[in-house]
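Within every chain, numbering begins at 1; the chains are lettered A, B, ... in the order of the sequence lines, protein sequences first and strands thereafter.
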There are 4 protein chains.
Amino acid sequence: MARGRKVNSNGEKSKQLLREKAIELFSTNGYYQTKISDIVKAAKVTQPTFYLYFESKDSLFHDLNEQFQQDLFHILEEQLQQQGMQFQKVIENLLQYFASNPLLTKIGLYQSEASYTVKEKLVEKFEQILDGQVENYHNLQRNDIHIVSQSLMGSIERITDTLLLTNRKSAKELAEDLFSIYFVEEAESVVVS
Amino acid sequence: MARGRKVNSNGEKSKQLLREKAIELFSTNGYYQTKISDIVKAAKVTQPTFYLYFESKDSLFHDLNEQFQQDLFHILEEQLQQQGMQFQKVIENLLQYFASNPLLTKIGLYQSEASYTVKEKLVEKFEQILDGQVENYHNLQRNDIHIVSQSLMGSIERITDTLLLTNRKSAKELAEDLFSIYFVEEAESVVVS
Amino acid sequence: MARGRKVNSNGEKSKQLLREKAIELFSTNGYYQTKISDIVKAAKVTQPTFYLYFESKDSLFHDLNEQFQQDLFHILEEQLQQQGMQFQKVIENLLQYFASNPLLTKIGLYQSEASYTVKEKLVEKFEQILDGQVENYHNLQRNDIHIVSQSLMGSIERITDTLLLTNRKSAKELAEDLFSIYFVEEAESVVVS
Amino acid sequence: MARGRKVNSNGEKSKQLLREKAIELFSTNGYYQTKISDIVKAAKVTQPTFYLYFESKDSLFHDLNEQFQQDLFHILEEQLQQQGMQFQKVIENLLQYFASNPLLTKIGLYQSEASYTVKEKLVEKFEQILDGQVENYHNLQRNDIHIVSQSLMGSIERITDTLLLTNRKSAKELAEDLFSIYFVEEAESVVVS
DNA sequence: GATGAATGAGTGTTCATTCAT
DNA sequence: AATGAATGAACACTCATTCAT
């Protein structure tokens with residue numbers, strides 16, 4: 001019966017809470033199996049309150065993906081400007097971001113259709129980096145770069161899901177593991193020859 | 001339109017058509033965005049006809065995944081019994097199956113929640129194989145096997161989606177590529193030493 | 001695939017079988033919870049066969065009720081023509097019919113909307129009989145006849161359902177019981193006075 | 001029509017209205033012939049509004065029966081605790097409740113499958129009462145109690161439907177009538193003897 | 001006489017979204 | 001800032017019935 005503003009209520013707080021609950025639910029149940037009614041129930045507000053802060057279910061989901069992507073490319077941009085930053089370190093920082101934002105990562109990397117674009121862009125970045133460092137990985141032929149980048153993207157994707165976000169391995173360990181799979185052997189064989 | 005049997009109608013054909021259209025739609029739009037009404041429209045029959053051949057939307061989707069999984073493990077089982085079958089060949093045949101069944105693969109590998117289990121099982125198979133062949137890949141330490149298998153799974157997943165199912169590369173080429181990334185260098189360095 | 005007449009098939013037999021199964025199902029599950037598909041499944045024929053012999057679900061149900069009513073009133077008519085037939089015997093014969101046709105009785109007396117009419121007509125008959133025999137039941141005042149008939153109808157209805165059709169008591173016993181409830185005591189008190 | 005809240009709308013009123021219309025329709029047309037669409041049309045709201053207040057068609061129907069049963073047994077319990085309450089008065093109060101709640105009675109006593117249980121329980125109550133009062137009805141032999149109770153149940157059932165709910169006779173009159181049929185004669189014969 | 005195949009017309013239910021307070 | 005109340009637009013599924021063979 002009683003309507004209107006709740007005591008102690010605060011717009012920004014409600015919006016933040018709704019966002020958090022939405023992230024939790026989207027990340028575990030996916031877009032279609034997350035209902036507005038679930039989100040508002042979790043945030044202990046009513047449905048119209050949701051529309052006070054977000055345009056629609058779709059737009060909120062879109063915003064979350066947008067943020068994930070911006071975070072991601074902000075990190076990458078930052079690193080590519082640091083001269084001499086090693087590829088392994090780049091990957092580690094990427095994984096570090098995933099580990100620090102597991103729920104958003106689940107959404108942006110697995111639940112969303114926008115993830116296709118994200119991954120494509122990541123692959124491009126990888127190609128750029130590798131392209132500039134072929135001399136460091138001299139068994140890497142120029143025409144391999146694309147497939148290596150794609151393969152690496154897949155590895156990161158899977159390893160993040162099964163080992164990083166499940167807290168079985170750290171970002172640092174996984175970056176090392178990936179590098180020993182993808183690039184290190186060469187160094188050894190160089191040593192041998 | 002009049003009720004009853006259509007001229008020249010044939011049950012098996014209708015069922016097959018519905019299945020095909022369902023596969024097409026599920027594979028491109030996913031489970032939730034594929035409506036029964038879409039499927040029957042594509043097959044040019046009415047909704048009740050769908051239920052003449054399938055129990056429910058869910059059960060059809062489930063059946064498609066079931067088939068994908070059985071095909072997959074049938075192939076793997078068959079190969080593991082052939083003594084001396086190389087890992088690369090196993091991967092190639094796997095990719096070959098994906099290439100021959102692109103739509104079912106999209107469903108079983110990307111659209112379905114059951115895909116988690118499928119991939120887990122594939123990883124296990126990879127581990128078994130690698131476990132029995134450590135000597136062949138002697139830079140592969142025993143405790144690496146799990147992470148290599150996971151990484152490989154991710155690579156296959158991604159490469160299948162972006163290069164194989166888009167007809168950019170053949171199963172054979174991709175299997176070779178993957179092997180040169182994951183295992184071959186070692187062989188060379190062995191030769192060198 | 002194979003269509004057309006079954007070997008050993010016989011129209012009248014199929015019709016009879018369908019009728020029987022329909023009676024079974026209607027009597028236990030009621031009209032709305034009995035589907036044509038249930039009936040034909042029980043009779044091991046297909047749905048169009050049903051329509052070969054019956055116009056519709058509704059018309060079959062209607063026919064069954066029709067038969068029940070005709071049987072019933074045939075019995076009553078017959079008895080009313082036999083001079084000197086006691087009311088108790090009439091009731092006994094009625095119950096006897098119910099006991100001999102338990103399923104049809106369930107339909108005609110409890111499952112059908114037509115049962116309202118049947119019961120009304122039965123009540124009328126009872127009134128007629130009692131009206132002609134007031135002198136035999138001299139504690140029965142003329143203005144009681146209607147209510148006694150209604151009450152008796154209810155008793156018969158209930159007793160048939162719970163004691164007769166469940167084989168706990170015979171038609172004869174129940175007719176006696178009813179009479180000792182409704183009419184006999186008077187005789188005793190007469191004796192007493 | 002525009003979406004959202006109606007002017008002067010009030011939830012409890014809508015729920016009550018839906019309930020009432022449901023009772024009206026269920027009681028006259030029965031469960032299967034009453035569609036949600038009929039109920040909401042009668043209440044001048046849309047289908048989703050129905051689900052705002054009731055879980056499902058089935059659960060609403062079930063709730064109505066539940067209420068009928070609780071009312072009924074509350075009344076009976078109350079009376080059995082009053083020492084010296086005459087059986088005739090008990091029946092009268094029962095009929096009184098039916099007369100005051102004709103639609104709910106139609107549902108609970110005739111339309112529902114749960115009515116079987118209700119009637120069984122009523123019969124048991126009757127048996128208990130009669131069992132404690134055999135001396136008052138001394139032509140009533142102990143082994144008659146069950147059949148008398150069943151018969152009485154049937155009489156009540158029928159008389160309620162045809163005379164009470166149609167406003168032809170009052171609860172008081174009908175209770176008297178029933179008693180003069182079932183028990184009174186004895187009193188007279190007692191006087192006589 | 002009987003069947004395989006198909007459909008018209010519902011029927012209960014859900015969900016994102018919106019209006020009035 | 002927030003809520004109570006309501007709805008438009010689907011959506012999966014069912015059932016009696018009918019046509020072509």
Side-chain angles (χ1 to χ4, degrees), chain A residues 1-15 32 35-40 45-53 55-58, chain B residues 1-15 32 35-38 40 45-58, chain C residues 1-15 32 35-40 45-53 55-58, chain D residues 1-15 32 35-38 40 45-58:
Chain A
M1 269 300 177
R3 250 163 295 176
R5 182 175 178 167
K6 269 195 292 190
V7 194
N8 272 338
S9 73
N10 170 304
E12 205 47 48
K13 221 171 77 189
S14 291
K15 178 171 186 178
Y32 293 101
K35 295 156 202 162
I36 303 280
S37 62
D38 296 333
I39 298 173
V40 299
V45 297
T46 58
Q47 304 222 31
T49 300
F50 178 92
Y51 289 91
L52 215 55
Y53 302 111
E55 222 182 72
S56 68
K57 178 186 177 182
D58 199 71
Chain B
M1 200 188 294
R3 255 194 280 193
R5 181 175 186 145
K6 277 197 267 189
V7 189
N8 262 335
S9 71
N10 171 303
E12 206 46 51
K13 220 171 76 189
S14 293
K15 178 171 185 177
Y32 293 102
K35 320 292 177 189
I36 304 278
S37 61
D38 297 333
V40 299
V45 296
T46 57
Q47 298 226 31
T49 301
F50 178 92
Y51 292 92
L52 215 52
Y53 301 112
F54 308 102
E55 232 183 59
S56 68
K57 177 184 175 182
D58 200 71
Chain C
M1 268 303 176
R3 249 163 296 177
R5 180 176 177 165
K6 269 196 292 191
V7 194
N8 270 338
S9 72
N10 170 304
E12 205 47 47
K13 219 172 77 188
S14 291
K15 179 171 185 178
Y32 293 102
K35 295 157 202 161
I36 303 280
S37 61
D38 296 332
I39 298 173
V40 299
V45 298
T46 58
Q47 305 223 29
T49 301
F50 178 92
Y51 290 91
L52 216 55
Y53 301 111
E55 222 182 72
S56 67
K57 178 186 177 183
D58 200 71
Chain D
M1 200 188 296
R3 254 194 279 193
R5 182 177 187 144
K6 275 197 266 186
V7 190
N8 262 336
S9 70
N10 173 304
E12 204 47 50
K13 221 172 75 189
S14 293
K15 179 171 184 178
Y32 293 102
K35 321 291 175 188
I36 303 278
S37 61
D38 297 333
V40 298
V45 296
T46 57
Q47 299 228 33
T49 300
F50 177 91
Y51 291 93
L52 213 54
Y53 301 110
F54 308 103
E55 232 183 58
S56 67
K57 178 186 175 182
D58 199 72

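Between B:G11 and C:E12, the residue anchored nearer the 5' end of DNA chain E, judged by the nucleotide with its closest heavy atom, is C:E12. When each of A:Y53 and D:V45 is assigned the nucleotide of DNA chain F bearing its nearest heavy atom, the one mapping closer to the 5' terminus is A:Y53.
B:D38 is linked by a side-chain hydrogen bond (donor to acceptor under 3.5 Å, both in side chains) to nothing, counting only residues two or more places apart in sequence or in another chain. Applying the side chain to side chain contact (heavy atoms under 4.5 Å, CB included) test to C:T49 and every residue at least two apart in sequence or in another chain returns C:L18, C:V45, C:T46, C:Y53. With sequence neighbours excluded, the residues satisfying side chain to side chain contact (heavy atoms under 4.5 Å, CB included) with C:Y51 are C:I36. Every residue meeting the side chain to side chain contact (heavy atoms under 4.5 Å, CB included) condition with C:E12, not counting sequence neighbours, appears here in chain and number order: C:N10, C:K15.
The B:T46 side chain lies nearest to E:dG8 when the options are F:dA6, E:dG8, E:dA2.
Once rounded to the nearest 0.5 Å, the distance linking CZ of C:F50 with CD1 of C:I39 reads 5.0 Å. The OH atom of B:Y32 sits 10.5 Å away from the NZ atom of B:K35 when rounded to the nearest 0.5 Å.
Judged purely by atom type and a 3.5 angstrom limit, D:K6 has no side-chain atom pairing as donor or acceptor with the backbone of D:R3. No donor-acceptor pair closer than 3.5 Å links the side chain of B:K57 to the backbone N or O of B:F54.
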Dot-bracket assigned to DNA chain E with the 3.5 Å Watson-Crick/G-U criterion, [ ] for crossing and | for other-strand pairs, is .||||||||||||||||||||

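For the pair A:S14 and F:dA1, the criterion of a side-chain N or O lying under 4.0 Å from OP1 or OP2 is not met. Between B:T49 and E:dT7, a side-chain N or O to OP1/OP2 separation shorter than 4.0 Å is present.
Summarising the geometry, the separation between NZ on B:K15 and C1' on E:dA6 is reported as 16 Å, rounded to the nearest angstrom. The CZ atom of D:F54 sits 18 Å away from the C1' atom of E:dT11 (whole-angstrom rounding).
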Going 5' to 3' along nucleotides 12-19 of chain E, which nucleotides have protein heavy atoms under 4.0 Å from the base (write B), which only from the sugar-phosphate (write S), and which from neither (write -)? SBBBBBBB

